Protein chains: 2
Amino acid sequence: MYPFEYHNPTKIIFGEGTVGRVGGEARNWGRKALFLYGRNSIKANGVYDQAVASLRQSGVNYVEHPGVKSNPVLSHTRQGVEIVKKERLELIVAVGGGSVIDEAKAIAAGAVVEHDVWDFFTQKATVKDALPIVTVLTLPATGSEMNGGLVITHDETREKFGFAAGPLHPRASILDPTTTYTVPPDYVAYSAADSMTHLLESYFTHNDPWAPIQDRYVEGLVRTIMEATEKILADPRDSQGRATMMWAATLAWNRLANAGVGPFELPNHMMEHPLSGLYDLAHGAGLSIVLPAWMQWSARQRPARFARFARQVFDIRCDDDAEAARRGIEALRAWFNKIGTPTTFAQGRIPAEDIPKIADEAIKLGKLWGITRYTPEMLHEIYRLCV
Amino acid sequence: MYPFEYHNPTKIIFGEGTVGRVGGEARNWGRKALFLYGRNSIKANGVYDQAVASLRQSGVNYVEHPGVKSNPVLSHTRQGVEIVKKERLELIVAVGGGSVIDEAKAIAAGAVVEHDVWDFFTQKATVKDALPIVTVLTLPATGSEMNGGLVITHDETREKFGFAAGPLHPRASILDPTTTYTVPPDYVAYSAADSMTHLLESYFTHNDPWAPIQDRYVEGLVRTIMEATEKILADPRDSQGRATMMWAATLAWNRLANAGVGPFELPNHMMEHPLSGLYDLAHGAGLSIVLPAWMQWSARQRPARFARFARQVFDIRCDDDAEAARRGIEALRAWFNKIGTPTTFAQGRIPAEDIPKIADEAIKLGKLWGITRYTPEMLHEIYRLCV
């Protein structure tokens, strides 16, 4: 174990029929809210109506800021900051998936400073304070509902940058599994890939010689996410599968998986961001392309780690580490294909000839995130394993 | 999954050499503290000196209230409440194990009301507010450092009562594994039994037909606690074992093990409290006596659940549930004996002829806690399995 601090003050309200509690939670933090959401899905499934009724009943006035994109962009964030400042709003109510919650965090941080919100992403400024945020989650995947992290894409440069800060933890997040019953199969699969990768980044890259708490936490949740995904794909209204997926995805990226394992890196996120940034691919779809390729490349250096994954998650029985690792990676790739999330550039409609450009973007991000072990040549090699 | 709320705002500061941060954390909440601790152990191992130096350096004045007993008592709690009121203290700094932290919570709650603090335990009053608490944990076992629960024993009636309340979560808890290097082997064993039972109460008594998140969380932590305990008993200065035990014991009772599993009961705690209440036995020692007996009795009704435990925790390979359950329970009892925590009344010096009296106390507690399925006859039968 390594030293760590863990502080996660987000209140989770979990269960069927809890959307109606958003007004009461919001009212704890103010009377004038920015109501942030995406496009049509929350209107189609009734969540919009429930949230609006609850806010009104609790006496929370709100200004709507709809239209958050699935890879949320800086321009829309800046508009949100402007509205909050102009209307002197006191809190943000975010209803949607990780994109909406991420943008809510950026607006919450940008609204209390004079400088441009993008300065936080380029590390010119750090977040010391933010407006309170209350969320209603409708797509389990990113874990943003119970952490302080966010990712925003710059409209012009297409840079997809992220950071985390304590004050950006939502004050309360409402997790009502019934809001996810309409999430279509492709997004169910992307969400599985996303939350599994969240768990596996630290699992594969930490250097703690003995981390049984965190390793078992990760292995248990990865198996659970796989089982829940299969239940949901078999029956979109499987309440056990939907509820389990929702809580598992939250637990996958609320920092418990890596608290105490010491330094770790996010190589798959570094390699994926350029894909969804440049080609408007779903983040989870990009991850299911990158992850098995990165594992294949990394298993050459650390076969034991990837063999453990194969044995614990896929029950691979094989004493040779390199061979066990290989079978585990193949099993993961096969499972991604089975659930319908891409594992190749072709499936994700990414031109193979763009690899140098993609790698350049990844290198740039690696510099920002302190991941410096990958040369352009190494990245080319890994990306070629996705072709 | 069942509906739940999860809100755990305690900040954890984990790592070697972190005791010196107590002053800075305390200073966030006030300038005048009650400094609560037990008897001599924190003076012998240097933790007292480090804490005092840190408080002084941060400008936190304090009034000492030493002498917390290992089953903390009401009279000492009431004295603490009086000191806080008289000196108008602003926060509690608790340095010690779960007993010290539990008493800190009782004092924190009692200090802000006019009525007697025992009214909270008899459910005549509920906690709405409390003084802030900052803790330095020196004995991992009870999980009190990251939850809102506490247990206090009434000096005269020997009633050992407990409850939990949100405002009683410590604001910050400092977990420095080096403070536990002097914990002797018997207490290492009791702590293992204690934290394992915390995990297993909901695991064995919930009725969720599919709870893979929580079940795997419990199984992983139980295995980890067993491995860490063995490392510590082999070498008291094993830094991996001590650190892992410390964080695992915290995670065992911070409500993550049961968030979402629906209603569950604490039968082993109900049956143990009279033992440590009446005979001044360590709580963990009482639990290692009661748990295998209760499992034996309960496995008759629900063999599948106990068979799963046997297979996942002790790798028992046996298709018959009843037989697998039996072997798992025997393995657990043997392991408790191996590490040196009692599994029989004789080992715990509890007179078998007291069973009726002990059962009466358990029934009383069961009424308070809403555990009503056990008749005196059933309890006699379970207690007789401990003889």
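Hydrogens, waters and symmetry mates play no part in the numbers below; they use all other heavy atoms, side chains included. Keep in mind that this is a model prediction, so the values were computed, not measured. Naming convention: chains lettered A, B, ... in sequence-line order (proteins, then strands); numbering from 1 in each chain.
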Applying a strict 4.5 Å limit to non-hydrogen atoms, the region of B/Ala172 in contact with chain A is neither

The interface call for B/Glu219 against chain A, heavy-atom contacts under 4.5 Å, is neither

Partner of A/Pro170 under side chain to side chain contact (heavy atoms under 4.5 Å, CB included), picked from A/Lys11, A/Glu25, A/Lys105, A/Met146, is A/Lys105

Whatever's closer than 4.5 Å to a heavy atom in chain A on B/Leu256 counts as side chain

Of A/Thr224, A/Asp208, A/Thr10, A/Asn8, the largest count of non-hydrogen pairs under 4.5 angstrom with chain B goes to A/Thr224

| query | Does B/Tyr6 have its ring centroid less than 6.0 Å away from the ring centroid of A/Phe14? | reply | no

May I ask you to decide whether B/Glu5 forms a salt bridge with B/Arg255, counting only side-chain N to carboxylate O separations under 4.0 Å?
no

Applying a strict 4.5 Å limit to non-hydrogen atoms, the region of A/Ala228 in contact with chain B is both

| request: Please determine, by modelled atom types, if A/Thr135 and A/Glu145 share a side-chain donor-acceptor pair under 3.5 angstrom. | output: no

If one checks every heavy atom of B/Leu221 against chain A at 4.5 Å, the contacting part turns out to be side chain

message: If the threshold is 4.0 Å, N to carboxylate O, is there a salt bridge linking B/Glu16 and B/Arg242?
response: no

Within the 6.0 Å centroid threshold, strictly below: B/Phe314 and B/Trp335
no

Honestly, the part of B/Leu251 sitting under 4.5 Å from a heavy atom of chain A is side chain

Cut-off 4.5 Å, heavy atoms of chain A, and the answer for B/Gln214 is side chain

Item to complete: Please work out whether the ring planes of B/His198 and B/Trp253 are parallel, tilted or perpendicular, with thresholds of 30° and 60°.
Response: parallel

So, the part of A/Tyr217 with a heavy atom under 4.5 Å from chain B: the answer is side chain

Applying a strict 4.5 Å limit to non-hydrogen atoms, the region of A/Arg21 in contact with chain B is side chain

